[in-house]
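To start, the structure itself, in structure tokens.
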Amino acid sequence: MVKWSDFERATIQDIFSKIDKDVVGQAALSRCLIVYPWTQRYFGSFGNLYNAAAITSNPKVAAHGKVVIGGLEKALQNMDNIKQAYTDLSVLHSEKLQVDPDNFKLLADCLTIVVASNLGISFTPEVQAAFQKFLDVVVAALRKQYY
Amino acid sequence: MSLTAKDKEIVKAFWTKLAPKADDVGADALSRMLAVYPQTKTYFAHWKDLSPGSAPVKKHGKTIMGGVADAVGKIDDLTAGLLNLSELHAFTLRVDPANFKILSHNILVVLAIVFPNEFTPEVHVALDKFLGALSRALAEKYRYPTTRSEPQNEQHFSPPLSISTSKRSSMCWLAAVGICRETHKGTSSKR
């Protein structure tokens, strides 16, 4: 089981209360699709992803960004048992969506960068450490059901 | 994933904005790397203070960004331009190249904070590619038959026995390569 310090719990809750969830998910996902274009392979049904402008304005990307943030909120509500809470999500990603799990880290890095940009200087090294630990745990939980 | 002409243009243009703040960016990126990826602290065990924003961290952040500035100037041939730095990292510092990626990530995080509007996805991808190319150039000499002559290597120093072995070896070769000005009392750093 992952141990969270009081600082980490408080910090992560605080981050999610401050960020604009409608914007962050979309921004992180579009950044991922632009910066790591091979990740587009999983979004064949999303229509026009031909260039950065198309990706940034794509409504399906925006909608899916919200889905991703919703997933993170589920982890937030189950911080003491993220692995358990993510069992079905992990099966979904491994068996149905067949996403290469290395891609989870790429999206996590983009999330970190977008949140950093959103929060500015209040995203201190200590806050970054707590947030990245949270994302590491989420990624590990998503990877859990892969064989 | 080599740099296109457009990538180079974006990197150079962004660098003109970044250059005046480079020292602060370097210090912040290094602070974050040490705080968020504590395993990286192993390379700096000889520093008195590894906390974010400490004096050694600030100084070294400046050194690192000096290297990045150099790379921007040599963007058309990073491998050739960074040969000396690659030798330094390969034979003397022996930094595991996986850490270059970690530092690069933290540089990008700082850029997102300092330049929230200019650090667009297009700038992000160009810089990510550039830092990746820089890292590859730094790793160039890692598994390379060395043409350097036999152990007049910097690491074969004999500092006074009163200093612990690990501190001796790390301080001495750092002094030798001009990174660390500290020498032990009464011992010269070069043989």
Side-chain angles (χ1 to χ4, degrees), chain A residues 5 7-8 11-12 15 19-20 23-24 26-40 49-58 61 65 102 105-136, chain B residues 1 3-4 6-7 10-11 14 21 24-41 49-54 57-58 61 98 101-133:
Chain A
S5 70
F7 172 80
E8 284 165 348
T11 299
I12 294 159
I15 290 173
I19 56 172
D20 183 343
V23 165
V24 164
Q26 185 263 346
L29 184 57
S30 33
R31 217 165 255 261
C32 189
L33 295 169
I34 293 166
V35 178
Y36 308 106
W38 54 94
T39 56
Q40 291 169 24
L49 298 176
Y50 299 134
N51 53 48
I55 291 171
T56 318
S57 56
N58 185 309
V61 171
D102 288 346
K105 182 166 182 348
L106 301 179
L107 180 55
D109 285 349
C110 287
L111 271 159
T112 301
I113 281 172
V114 168
V115 167
S117 168
N118 245 242
L119 299 182
I121 55 168
S122 66
F123 194 68
T124 62
E126 295 79 8
V127 170
Q128 183 183 343
F131 188 62
Q132 289 202 211
K133 177 175 169 177
F134 175 70
L135 291 180
D136 281 348
Chain B
M1 288 191 274
L3 298 172
T4 62
K6 181 104 183 93
D7 291 329
I10 292 176
V11 169
F14 192 78
K21 304 189 185 186
D24 291 334
V25 167
D28 196 3
L30 188 57
S31 299
R32 282 169 196 277
M33 184 182 84
L34 297 167
V36 181
Y37 303 87
Q39 71 273 19
T40 58
K41 291 192 213 177
D49 185 357
L50 285 160
S51 57
S54 70
V57 166
K58 277 196 181 144
K101 204 167 187 339
I102 293 176
L103 182 56
S104 299
H105 166 70
N106 285 291
I107 291 174
L108 295 175
V109 169
V110 174
L111 295 180
I113 293 172
V114 176
F115 300 100
N117 301 314
E118 297 92 327
F119 191 65
T120 61
E122 293 91 327
V123 168
H124 180 167
V125 60
L127 280 170
D128 195 39
K129 284 175 79 174
F130 168 65
L131 291 172

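We use all heavy atoms of the structure for the numbers below, so side chains are in, but hydrogens, waters and symmetry mates are not.
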Seminar exercise, completed: One option among B/T120, B/I113, B/V110, B/N117 has the most heavy-atom pairs under 4.5 Å with chain A, and it is B/I113
Exercise. Closest approach of B/P121 and A/I34, non-hydrogen atoms and distance?
Worked result: CB-CD1, 3.5 Å
Exercise. Are the side chains of B/R32 and A/Q132 in touch, meaning some heavy atoms are under 4.5 Å apart?
Worked result: no
For this session: Sort A/Y36 into side chain, backbone, both or neither according to what part of it lies under 4.5 angstrom from a heavy atom of chain B.
Result: side chain
Problem set entry | Heavy-atom contact with chain B under 4.5 Å, split by part of A/S30 | neither
For this session: Please round to the nearest 0.5 Å and tell me the distance separating atom CG of A/D109 and atom CG of B/D128.
Result: 8.5 Å
Exercise. For chain B, which of A/L33, A/I113, A/V115, A/I121 has the most heavy-atom pairs under 4.5 Å?
Worked result: A/I113
For this session: Check whether more than 12 heavy atoms from other residues, nucleotides or ligands sit under 6.0 Å from atom NZ of A/K133, and answer yes or no.
Result: yes
Problem set entry | Residue from B/L108, B/V109, B/N106 passing side chain to side chain contact (heavy atoms under 4.5 Å, CB included) with A/T112 | B/V109
For this session: With a 4.5 angstrom heavy-atom cut-off, could you sort out which part of B/Y37 is near chain A: side chain, backbone, both or neither?
Result: side chain
